[in-house]
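Scope of the values below: all heavy atoms of this structure, side chains included, with no hydrogens, waters or symmetry mates.
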Amino acid sequence: MSVEMERFGKLPDGREAALYTLRGTGGLTLVATNYGCRIVQLWAPDKQGKLGDVVLGHRTLPEYYGANYQGATVGRYANRIGGASFTLGGKEYPLAQNDGRNTLHGGPGGFHQVLWDSQVTDGEEPSLVFTYTSPDGEEGYPGNLEMTVAYTVTKDNSLVLEYAATCDKETPYNPTNHSFFNLSGDPQKDVLDTYLTIHASNTTPVSDDLIPDGTVASVLGGPLDFTNTKPLGQDMFADDHLIQLCGGFDHNFCVDGEGFRKFAEAYEPESGRVMEVWSDLPGVQLYTFNGGDSGLTGKDGKPMGPHTAFCLETQFYPDSVHHAGFPFRYLQPGVPFATKTVYRFSAK
């Protein structure tokens with residue numbers, strides 16, 4: 001059997017969350033829960049063939065409650081919407097203000113707080129399919145949105161994430177996964193020495209509350225230039241207003257090209273682990289766990305420290321609902337939507 005299921009815990013309303021383990025033939029092992037459609041563990045081989053858990057997370061279900069996005073599928077709209085509202089068809093839709101005056105990751109009751117239905121398929125490439133119907137008006141968004149999120153562990157040590165959705169009303173939709181990666185396998189080790197390449201020549205400039213101004217600007221030659229491989233720590237503390245404000249990186253990159261393509265590659269020299277990111281979306285958010293999370297305890301029983309992980313969240317650009325020039329499309333009634341992101345692991 002390459003698939004196992006166990007009880008993870010009970011939610012306050014008495015419903016039980018499950019924990020699923022999927023083992024690939026190449027060694028990659030996924031542990032996920034249907035609470036938040038969340039990646040809890042991801043074990044990948046190092047250059048010696050030793051498995052290590054390369055995502056941060058927690059030991060118990062209650063630690064994931066609240067505004068905790070670790071490993072989760074977030075939405076309906078990942079990242080931020082400025083002013084916590086948008087207008088569609090002449091009607092304004094107010095949203096929750098859970099990030100200053102803006103809305104973040106679908107609101108406080110977003111998909112990271114949902115108990116999804118789930119179904120597993122065993123085999124050489126085991127898969128786990130989560131389903132959920134977000135009712136019309138949930139967190140302020142229009143339409144009944146029917147979704148599936150499928151996780152597949154492949155023979156070549158890739159984790160494939162496939163999102164599909166249909167809605168009965170026009171609505172914005174921007175799904176992503178919010179895993180916090182540390183390729184060393186040591187959740188206490190910072191990621192400053194992890195080498196990163198991002199195939200993006202541009203970024204979306206933002207205000208101090210991280211809302212884009214609608215323009216696109218070149219990163220070439222500056223601290224956000226990852227077109228040539230460099231350690232995360234090289235410019236993480238650069239003399240740049242937004243980097244200083246955030247305490248590290250929290251930036252959207254406009255990935256070069258179109259269609260399904262390679263977005264990024266991260267390499268951790270000590271373990272030898274390499275993670276490639278592939279997707280068909282236009283952007284990716286680099287976040288370097290700036291400041292850590294006060295009061296949160298990791299799976300090792302120790303406090304989570306700053307810069308001990310990085311996120312590469314494939315996405316439509318933040319606040320696209322307010323910027324007609326950004327590459328974004330609303331879901332249309334009855335028209336299927338699909339997107340795919342792949343995290344591919346190897347070692348050298």
Side-chain angles (χ1 to χ4, degrees), residues 52 54-57 69-71 78-80 99 104-105 176-212 216-256 262-277 283-294 296 298 300 302-315 317-318 343:
V54 297
V55 296
L56 301 193
Y69 304 106
Q70 295 208 18
N79 216 307
R80 293 166 176 84
D99 186 56
L104 175 67
H105 292 328
T176 196
N177 178 270
H178 207 316
S179 287
F180 288 63
F181 294 101
N182 185 322
L183 298 182
S184 74
D186 178 358
Q188 294 300 314
K189 186 178 188 297
D190 67 50
V191 296
L192 273 64
D193 293 331
T194 296
Y195 285 79
L196 182 64
T197 310
I198 303 177
H199 301 298
S201 304
N202 295 287
T203 187
T204 47
V206 296
S207 57
D208 283 1
D209 57 356
L210 304 185
I211 302 300
V216 171
S218 174
V219 301
L220 301 180
L224 297 183
D225 188 354
F226 286 92
T227 57
N228 294 308
T229 306
K230 65 180 180 182
L232 275 167
Q234 178 172 314
D235 290 314
M236 190 181 287
F237 311 104
D239 185 15
D240 172 271
H241 173 72
L242 188 62
I243 290 176
Q244 291 291 317
L245 180 70
C246 295
F249 297 110
D250 195 358
H251 298 73
N252 172 64
F253 290 80
C254 310
V255 180
D256 299 337
K262 188 175 180 178
F263 272 36
E265 179 173 312
Y267 167 61
E268 205 285 315
E270 187 173 326
S271 68
R273 291 189 182 93
V274 176
M275 184 181 78
E276 302 174 27
V277 183
V284 64
Q285 187 87 6
L286 171 64
Y287 174 57
T288 47
F289 202 30
N290 308 319
D293 271 358
S294 177
L296 288 184
D300 59 354
K302 300 177 181 178
M304 291 182 166
H307 304 131
T308 52
F310 63 93
C311 304
L312 289 168
E313 306 157 63
T314 59
Q315 62 179 3
Y317 300 169
Y343 295 101

Least distance between heavy atoms, [X] atom then [Y] atom:
X: Asn79; Y: Gln315; answer: ND2-OE1, 3.1 Å
X: Ser179; Y: Cys311; answer: O-SG, 3.4 Å
X: Gly283; Y: Phe263; answer: O-CE2, 3.4 Å
X: Pro223; Y: Asp235; answer: O-CB, 3.6 Å
X: Cys246; Y: Leu210; answer: SG-CD2, 3.9 Å
X: Thr204; Y: Cys254; answer: CG2-SG, 3.8 Å

Ring geometry between Phe180 and Phe289 (parallel below 30°, tilted from 30 to 60°, perpendicular above 60°): perpendicular

Plane angle bin for His178 and Tyr69 - parallel if under 30°, tilted between 30 and 60°, otherwise perpendicular: parallel

Would you say that [X] contacts [Y] through its side chain, given a criterion of any heavy-atom pair below 4.5 Å between the two side chains?
X: Met275; Y: Phe310; value: yes
X: Asn228; Y: Thr197; value: no
X: Val55; Y: Phe181; value: yes
X: Met236; Y: Ile243; value: no
X: Pro306; Y: Asn290; value: no

[X] (side chain) donor-acceptor with [Y] (main chain) under 3.5 angstrom:
X: Thr229; Y: Leu196; answer: no
X: Asn182; Y: Val54; answer: no
X: Ser271; Y: Leu183; answer: yes
X: Ser218; Y: Leu220; answer: yes
X: Asn202; Y: Phe253; answer: no
X: Lys302; Y: Pro187; answer: no

When rounded to the nearest 0.5 angstrom, what is the spacing between [atom1] in [X] and [atom2] in [Y]?
X: Leu242; Y: Phe249; atom1: CG; atom2: CZ; answer: 10.5 Å
X: Asp99; Y: Asp209; atom1: CG; atom2: CG; answer: 7.5 Å
X: Asn177; Y: Glu313; atom1: CG; atom2: CD; answer: 8.5 Å
X: Thr227; Y: Asp256; atom1: OG1; atom2: CG; answer: 8.5 Å
X: Leu245; Y: Asp240; atom1: CG; atom2: CG; answer: 10.0 Å
X: Tyr267; Y: Thr194; atom1: OH; atom2: OG1; answer: 10.5 Å

Working for side-chain contact (heavy atoms from CB on, under 4.5 Å), residues Asp250 and Thr288: CA-CA 7 Å; Asp250 195 358; Thr288 47; over 6 Å; no

Pairs involving residues 181-208, ordered by first then second residue, that meet salt bridge (Lys or Arg N to Asp or Glu O under 4.0 Å) (sequence neighbours left out): Lys189-Glu268

Residue Gln188 excluded, over 12 heavy atoms near CD under 6.0 Å: yes

Chi angles and distances behind the side-chain contact (heavy atoms from CB on, under 4.5 Å) call for Val284, Ile198: CA-CA 9 Å; Val284 64; Ile198 303 177; 4.2 Å; yes

Full working for side chain to side chain donor-acceptor pair (under 3.5 Å) between Gln244 and Asp239: CA-CA 7 Å; Gln244 291 291 317; Asp239 185 15; 5.5 Å; no

Criterion side-chain contact (heavy atoms from CB on, under 4.5 Å) on Met304 and Gln70, from CA distance to verdict: CA-CA 12 Å; Met304 291 182 166; Gln70 295 208 18; 3.2 Å; yes

Phe237-His307 aromatic ring centre distance below 6.0 Å: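 Ring centres of His307 and Phe237 closer than 6.0 Å.
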
Derivation of the side-chain contact (heavy atoms from CB on, under 4.5 Å) call for Leu56 and Thr308: CA-CA 9 Å; Leu56 301 193; Thr308 52; 3.7 Å; yes

